[in-house]
Amino acid sequence: DAIPQRGRRAAVSKLEERNQGGKAPKSAGSQVITLDWLVRNALAGAIAGTVLEVMLYPMESFKTQIQTRQRPKSLLGLVNGLVGSAAGVFSS
């Protein structure tokens, strides 16, 4: 106990401690938080955010071009920068 645990082992240890060693909490309606649960929910949120960004990015780009009174050069111009934006959303 003198040397604190680091990294993944520490995270797992804290989750187990919070969940009373993997047993269900005594209070009704509480969810047991495991590393598997945490990873699955984080991945689901990342995918949902990325899908939303991919769907809305062309509309936002078109709106911005209208507001700045620029004409879109092509349909490809509406998705310029989409990959970088989607990567930023997924990673956050």
Atom of Val89, atom of Thr50 and distance for their closest heavy-atom approach
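The pair with the smallest heavy-atom distance is CG1-N, 3.7 Å.
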
Testing the basics here: between Ala86 and Val54, what is the closest heavy-atom pair and its distance to 0.1 Å?
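Of all heavy-atom pairs spanning Ala86 and Val54, the closest is CB-CG2, 4.3 Å.
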
Evaluate Phe90 against Leu43 for side-chain contact (heavy atoms from CB on, under 4.5 Å), listing each step before the verdict.
CA-CA 9 Å; Phe90 187 82; Leu43 189 59; 4.0 Å; yes

Ser85: which residues meet the side chain to side chain donor-acceptor pair (under 3.5 Å) condition with it, sequence neighbours left out?
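Expected list: Glu53.
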
Between the side chain of Thr68 and the main-chain N/O of Thr64, is any donor-acceptor distance below 3.5 Å?
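Yes; judged by distance alone, with no hydrogens or angles, the pair exists.
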
Would a hydrophobic clustering, with Ile, Leu, Val, Met, Phe, Trp and Tyr connected at side-chain separations under 4.5 Å, put Met55 with Ile47?
yes

